[in-house]
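The chains referred to below are lettered A, B, ... by the order of the sequence lines, with proteins before strands, and numbering in each begins at 1. It should be emphasised that the depicted structure is a prediction, and the values quoted were computed from it without experimental measurement.
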There are 2 protein chains.
Amino acid sequence: MSRYWSEIVRTLTPYVPGEQPKIDGLVKLNTNECPYGPSEKVLAAIAGQNSEALRLYPDPQASALKAAIARRHGLAENQVFVGNGSDEVLAHIFMGLLRHEAPLLFPDISYSFYPVYAKLYGIATRAIPLAGDFSLRVDDYLQAGPNGGIIFANPNAPTGMPLPLAEIRRLLQGNPDSVVVVDEAYVDFGAESAVGLIAEFPQLLVVHTLSKSRALAGLRVGYAMGHADLIEALTRVKDSFNSYPLDRLAIAGAVAAIEDEVWFEATCRKVIATRERMVAGLQARGFQVLPSAANFVFAQRPGSEGAALAAGLREHKVLVRHFRAPERIAPFLRISVGTEAQTDALLAALDAILA
Amino acid sequence: MSRYWSEIVRTLTPYVPGEQPKIDGLVKLNTNECPYGPSEKVLAAIAGQNSEALRLYPDPQASALKAAIARRHGLAENQVFVGNGSDEVLAHIFMGLLRHEAPLLFPDISYSFYPVYAKLYGIATRAIPLAGDFSLRVDDYLQAGPNGGIIFANPNAPTGMPLPLAEIRRLLQGNPDSVVVVDEAYVDFGAESAVGLIAEFPQLLVVHTLSKSRALAGLRVGYAMGHADLIEALTRVKDSFNSYPLDRLAIAGAVAAIEDEVWFEATCRKVIATRERMVAGLQARGFQVLPSAANFVFAQRPGSEGAALAAGLREHKVLVRHFRAPERIAPFLRISVGTEAQTDALLAALDAILA
């Protein structure tokens, strides 16, 4: 604390990301990265830009990337906004579209960065409890009174549970007056995307990231899609914050990633297949696993403590994520889907711990 | 304009960066990039990270880069903050350290992003006019009444004029109660850095970029240096905004850039030598050139219009930057220092226009 700080800084409770261990040899199942490296075409595209050209600023609007994303999702370029990871995209969304008199609504259990952004920008919030089975009840949002926006992740984090498209449509139909953000960071592993609803609902914004299903967490690229009016707000905020959020290497790599549909589909299929085997392995060891449409599962084992299991796994060099709060998720572990070999290592470590 | 926008968005006047032309063959002297490509060691370091490892998140605190910067400037790691270009670093500084009751002070002619940040974060400002010769008068800042912070560029942009270190010290001595930000984007081309004053003045923050003297505008890396308490404020804002602002390639490239002192010194020397030749060439053609310690010059030609000269140069495929406002700089051109050949092309184009 210092007298030089702006007042807001004193009140911030920063987000704490999962550990990025500096020691090798760990089975890293704690931050939902893709267990497979990115497409070779991505590496080639980056290598092609790793040259004298780095002395020049990138295209401030990253038009080539917006065009590639627009083509892939059947949108116009002015319906796409890109940023330095979906975290930056979300930050600009909070600033530009979710800062109103009425409170922003989001699930009490969801991506824990949402309340952090809200604090940063002085946005009133109201957490809507998930149901007892951890599902999102759309009716709760429609009956909550006036709101300044709604944001949720689909599939939700850290539960992995998807919300059916028909339910998202019902939420949009009943909430025409404020922005609804669907954070689809994990959508490619089995949930239904809301992108197809953009033409119908001018208040809908859909957020994607290249960190998960494109295996590019280390490159920092995310994007938002929605009505051109919503995108314009984000562009105005971005151009008042940082003219060039995406560097030349990231733009080139991201274009190649978006265009490599073959790599993308094969990788998502592999991750989903391993997830199903991991779920079966966990269930065979007494775990209750929430139905996951993501590249991770959320699981508890009656009779075992979540924190103790996470610590035990760490002793066996397997890193998973454990959240102490809120209390009703404290028994759970969030375990990323790894390779087949990493899954074997996880299950073997559990056998050793539970023996 | 849309009813979904946050109120602040309606009032923003985004920064407009210099043109990044999409056609080849232009002599590009409009955005102060380095005319030479980055160090080969930078390209090698990036190539070394362009691998399967991109699937993993980067180190959220970019410790390796902070350590390299700390070593170079004789500071501790907790006196260094890094970000996605100095534009992002400046944005976090405005939010975290310059948002107070009293107005922020900056020169009326300076980096035109400063008032944009202030608008974004609702910070009151007061522009202090430069003297008639475009110099910054420290006394004006000491007599301005209470302030919530002071920010200026040294050398100043777009004038290129440096402020002597003794004057910066006098400003700090007379202003102990609010943060003073010295934006040293161009300092390596002949001005005196204020980094050496950090130990003495806990309110001093010095900002650097790798976009100019390290030839990495396309990689997006900047940093701030100051008392650990100031850095902590920036880290709290950053961790409430984006956990991983620097990607793996940018971290690796930036470390190599900071460590290659030989390339750095040789390149700065070359740019300074070309600048002196360019100044002489401009003066021989009737230009008045402000004394520059930057990698650009600010020059006017009595009897010629700034806008007309810029347009004429563009017809000869030479891009320079012209600012229409404020009025007293409208006669000027800001011309980046290019290679020797680009300088010849500039002077030949001027000869053709003025003939």
**Message:** Which atoms of A/S178 are under 4.5 Å from chain B, going by heavy atoms: the side chain, the backbone, both sets, or neither?
**Reply:** backbone

**Request:** Spell out, as yes or no, whether a donor-acceptor pair under 3.5 Å connects the side chain of A/D229 to the backbone of B/S2.
**Result:** no

**Prompt:** If you look at every heavy atom in B/N84 and A/N84, which pair is closest and at what distance?
**Reply:** ND2-ND2, 3.4 Å

**Asked** Where does B/I46 contact chain A at under 4.5 Å (heavy atoms): side chain, backbone, both or neither?
**Response** both

**Request:** Please name the pair of heavy atoms, one in A/M95 and one in B/L120, separated by the smallest distance, quoted to 0.1 Å.
**Result:** CE-O, 3.5 Å

**Message:** Has B/R55 got a side-chain atom pairing as donor or acceptor with A/C34's backbone, closer than 3.5 angstrom?
**Reply:** yes

**Message:** If I compare all heavy atoms of A/Y4 with all of B/L230, which pair ends up nearest, and what's the gap?
**Reply:** CB-CD2, 3.7 Å

**Message:** Taking side chain as everything from C-beta outward and backbone as N, CA, C, O, which of these in B/S63 sits under 4.5 Å from a heavy atom of chain A? Side chain, backbone, both or neither.
**Reply:** side chain

**Item:** Residue, of B/H227, B/E52, B/K238, that accumulates the most heavy atom pairs under 4.5 Å with chain A
**Value:** B/E52

**Request:** Kindly compute the distance separating CG (A/D247) from CG (B/D247), expressed to the nearest 0.5 Å.
**Result:** 5.0 Å

**Prompt:** What heavy-atom pair brings B/Y57 and A/S211 nearest, and what distance separates the two atoms?
**Reply:** OH-CB, 3.6 Å

**Request:** Tell me, out of B/V42, B/L249, B/L43, who's got the most heavy-atom pairs with chain A below 4.5 Å.
**Result:** B/L43

**Prompt:** To the nearest 0.5 Å, how far apart are OG in B/S6 and NE2 in A/H92?
**Reply:** 12.5 Å

**Request:** Indicate the atoms forming the closest heavy-atom contact of A/R236 with B/P14, along with that distance.
**Result:** O-CG, 3.9 Å

**Item:** Proximal component of B/L90, with respect to chain A [non-hydrogen, under 4.5 Å]
**Value:** neither

**Fill in**
Residue from B/T235, B/I251, B/D59 scoring the most non-hydrogen pairs under 4.5 Å with chain A is B/D59

**Prompt:** Given a strict heavy-atom distance threshold of 4.5 Å, which part of B/F94 is in contact with chain A: side chain, backbone, both, or neither?
**Reply:** backbone

**Asked** When only heavy atoms count and the cut-off is under 4.5 Å, which of residues 213-223 of chain B reach chain A?
**Response** B/A215, B/L216, B/A217, B/G218, B/L219, B/R220

**Prompt:** When heavy-atom pairs shorter than 4.5 Å are enumerated against chain A, which of B/N242, B/L246, B/I8 gives the highest number?
**Reply:** B/N242

**Fill in**
From the list A/V16, A/D87, A/V116, side chain to side chain contact (heavy atoms under 4.5 Å, CB included) with B/S243 holds only for A/D87

**Request:** Please report the shortest heavy-atom distance between B/W5 and A/H100, naming the atom on each side.
**Result:** O-CE1, 3.1 Å

**Item:** Heavy-atom contact with chain A under 4.5 Å, split by part of B/K119
**Value:** neither

**Fill in**
Counting heavy-atom pairs under 4.5 angstrom with chain A, the leader among B/A47, B/G96, B/A91 is B/G96

**Complete:** Looking only at B/E40, B/Q49, B/R10, B/R99, most heavy-atom pairs under 4.5 Å shared with chain A are made by B/R99

**Complete:** Cut-off 4.5 Å, heavy atoms of chain A, and the answer for B/Y36 is backbone

**Asked** Taking the six-membered ring where the residue is Trp, are the ring centres of B/F241 and A/F241 under 6.0 Å apart?
**Response** yes

